[in-house]
Protein chains: 2
Amino acid sequence: MNQELLDKNEREFLSEYDVNIYDRPSVTNDIIIFTTGDRIEENSRKVPKKGMQILLIKRDDYPYKGKWAIPGGFVKNDESLEDGALRKLKEETGIDNVYTEQLYTFGEVDRDPRTRVISIGNIALISKEDIRFGDYKDRKESKWFWVEKNLIDSKKNETNTINKYILKFESEDEEIKFNYEIIEKIERTIFRKKENSYKTLNESNYELAFDHYKIIDYAVDRIRNKIEYTPIALNLLPRLFTVKELQNVYEAIMGREILNFRRKMEDMIIETDEKIEGKPFRPAKVFKFNENWEHNF
Amino acid sequence: MNQELLDKNEREFLSEYDVNIYDRPSVTNDIIIFTTGDRIEENSRKVPKKGMQILLIKRDDYPYKGKWAIPGGFVKNDESLEDGALRKLKEETGIDNVYTEQLYTFGEVDRDPRTRVISIGNIALISKEDIRFGDYKDRKESKWFWVEKNLIDSKKNETNTINKYILKFESEDEEIKFNYEIIEKIERTIFRKKENSYKTLNESNYELAFDHYKIIDYAVDRIRNKIEYTPIALNLLPRLFTVKELQNVYEAIMGREILNFRRKMEDMIIETDEKIEGKPFRPAKVFKFNENWEHNF
DNA sequence: GCAAAAGTGTTCCGTCTACACCCATGG
DNA sequence: CCATGGGTGTAGACGGAACACTTTTGC
């Protein structure tokens, strides 16, 4: 970048569009860090069910002081969006070299009460085993939250479909719980327009900052959609895993039972020589990702 | 927004993240306007094949003066991203109320030679019949360009797949032509990481401004992927159309022949009473979108 | 023996594929 | 008649859904 020319050109550049040089939005790069954890199983003979978890941070300043938020930070002028997301992830979890993808850019005018802030949402899928919390971790209070999204009602009429969901958050230590109701309205026109409205369901003091419920909701939908035709769910487990563990991950994400799971996965994974023994049932083969797996997409 | 508090709060807000208030990126909202047109058919007995087209604007200032670019403009602080994209679309084509969606946000550090500019890419799918060029249209020179993306080579080895494509641009009046070579490298790891590299193929003076070839390439992939499970392609045609016309749209977008097309579409469209007559072959029924069409997604 | 998971076999059934075939029209 | 598109029929391949069944282990 030619620093000398920057000022003059930049001003021309902006005046070309009738935009005041100082009248720019701020841009944050936010990242939803997903993992899975074992839910406590009352029956000790069973393999524990998995649950989907995200990392949230407690805001220590206004606005939304004390509310929970997705980790993120301002886009730095000398850092690409992807590098910024990876840096943030590293700061929060000590993890490098994992799956991330850009989710969507959220830019409603009033999503931040102070000034115009555009948020570029990202998702990261990590395995808990890889986490090594570093120095940065302690700057702010953070917790893992169980996340569930369940359809509880669906109505159709001639022109549209209305689905009602509950989006549930619960901290790992069970101290914090809050829910959102999501009304999804899909117009069955040629545009297939979808519009969601959100409502906090409980009167607890706990809730998400900003429009982060929208971002998380969007992220859950993206992952649900994407695990059906890509291997991204494997990022949520250690490198080696059993079929049942993988199934539990899929069922946790989808929020429903999946039949014939083993058969559906058989091309995507390869068995190794290892076995899991010492359980009160037949030892399970241990699998890994099949790097020669192909899928038409 | 509380204007009185803004300045003080905004400064605190930004200092929280160690970002200088003036050290912010600029953000543009750019929109790729897609439509389809009839390609001239040497055999007059045939129904003309469709081609995919996009609207490009000739830049009249540095940088990239004289190069072709996607229409777009700065994000205004009092306008949501979607409203901004719709406004831009209206300015360029006079069209309201059409299908748009956010594509991706492009934010490489050096994508603009002057200063940091983040571009939020959008796509719009319109029917040529709806266009009513208004006053804004004449501000800058604009042209419709045929766009084609064709796979010309594919190699696989143990760890990755390398695909080579040509992305072709040609103005409707045949005056301007330029091509890009795209090398797509897909690592077959668990991340399924995809990386593209681009090269201008010809030595003509014509080319795209900035990294707009990346944005257009990404948009073509998105549309190709999405027409397989949504009705968005119908936005590219008038409200009433024949099956063959629709097939030509699909084949133009996909860049390949599609078998049993009528059968694949039969749930998505409904026949009307109208017919197309006067052609040297059997009259075709005219169809419209079936608003009761459902698809599991 | 029993509970639970691991893993296989099998039947049914709908959908996609490839291709053949007939229809309707204007030149 | 013929080229062209409109439109239907069909046999076979393929793959998902449902569910029964066998195996293996620790308690």
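From a predicted model like this one, the values you see are computed outputs, not experimental measurements.
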Margin query: Pick the closest DNA chain D nucleotide for B:Ala284 and for B:Arg45 by heavy atoms, then say which residue is nearer the 5' end.
Written below: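 Taking each residue's closest nucleotide, the earlier one in sequence belongs to B:Arg45.
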
Quick check: on DNA chain D, is the nucleotide nearest B:Lys244 upstream (toward 5') of the one nearest B:Arg263, or the reverse? Name the residue that is more 5'.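 Here B:Lys244 is the residue nearer the 5' end.
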
Nearest to side-chain heavy atoms of B:Arg262, which nucleotide of D:dG5, D:dT8, C:dG7: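 Closest of the options to the side chain of B:Arg262: D:dT8.
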
Over how many whole Å does the gap from [X] atom [atom1] to [N] atom [atom2] extend?
{"X": "A:Lys285", "N": "D:dT23", "atom1": "NZ", "atom2": "P", "value": "15 Å"}
{"X": "A:Ile258", "N": "D:dG16", "atom1": "CD1", "atom2": "C1'", "value": "14 Å"}
{"X": "B:Lys264", "N": "D:dG7", "atom1": "NZ", "atom2": "P", "value": "18 Å"}
{"X": "B:Glu245", "N": "D:dG6", "atom1": "CD", "atom2": "C1'", "value": "13 Å"}
{"X": "B:Glu277", "N": "C:dG27", "atom1": "CD", "atom2": "P", "value": "13 Å"}
{"X": "B:Phe281", "N": "C:dA24", "atom1": "CZ", "atom2": "P", "value": "15 Å"}
{"X": "B:Lys275", "N": "D:dG5", "atom1": "NZ", "atom2": "P", "value": "18 Å"}
{"X": "A:Asn260", "N": "C:dT8", "atom1": "CG", "atom2": "C1'", "value": "11 Å"}

*Ion pair check, A:Glu148 and A:Lys49, cut-off under 4.0 Å*: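 Result for this pair is no, no salt bridge flagged.
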
- prompt: Is A:Lys128 salt-bridged to A:Glu172, going by a charged N under 4.0 Å from an acidic O?
  reply: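 Answer for the salt bridge query: yes.
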
A:Arg282 (side chain) and D:dT23 (base): donor-acceptor pair under 3.5 Å
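Between D:dT23 and A:Arg282, which were checked side chain against base, a qualifying N/O pair under 3.5 Å is present.
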
Please tell me whether A:Trp68 and A:Phe178 form a close aromatic pair, meaning their ring centres lie under 6.0 Å apart.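 No.
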
* **Beyond-backbone contact of B:Glu181 with B:Lys164, side-chain heavy atoms, under 4.5 angstrom** =>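 They are in contact (side-chain heavy atoms under 4.5 Å apart), so the answer is yes.
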
Original post:
Can you check whether B:Lys279 has a side-chain N or O nearer than 4.0 Å to OP1 or OP2 of D:dG6?
Top reply: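 No, no such contact exists.
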
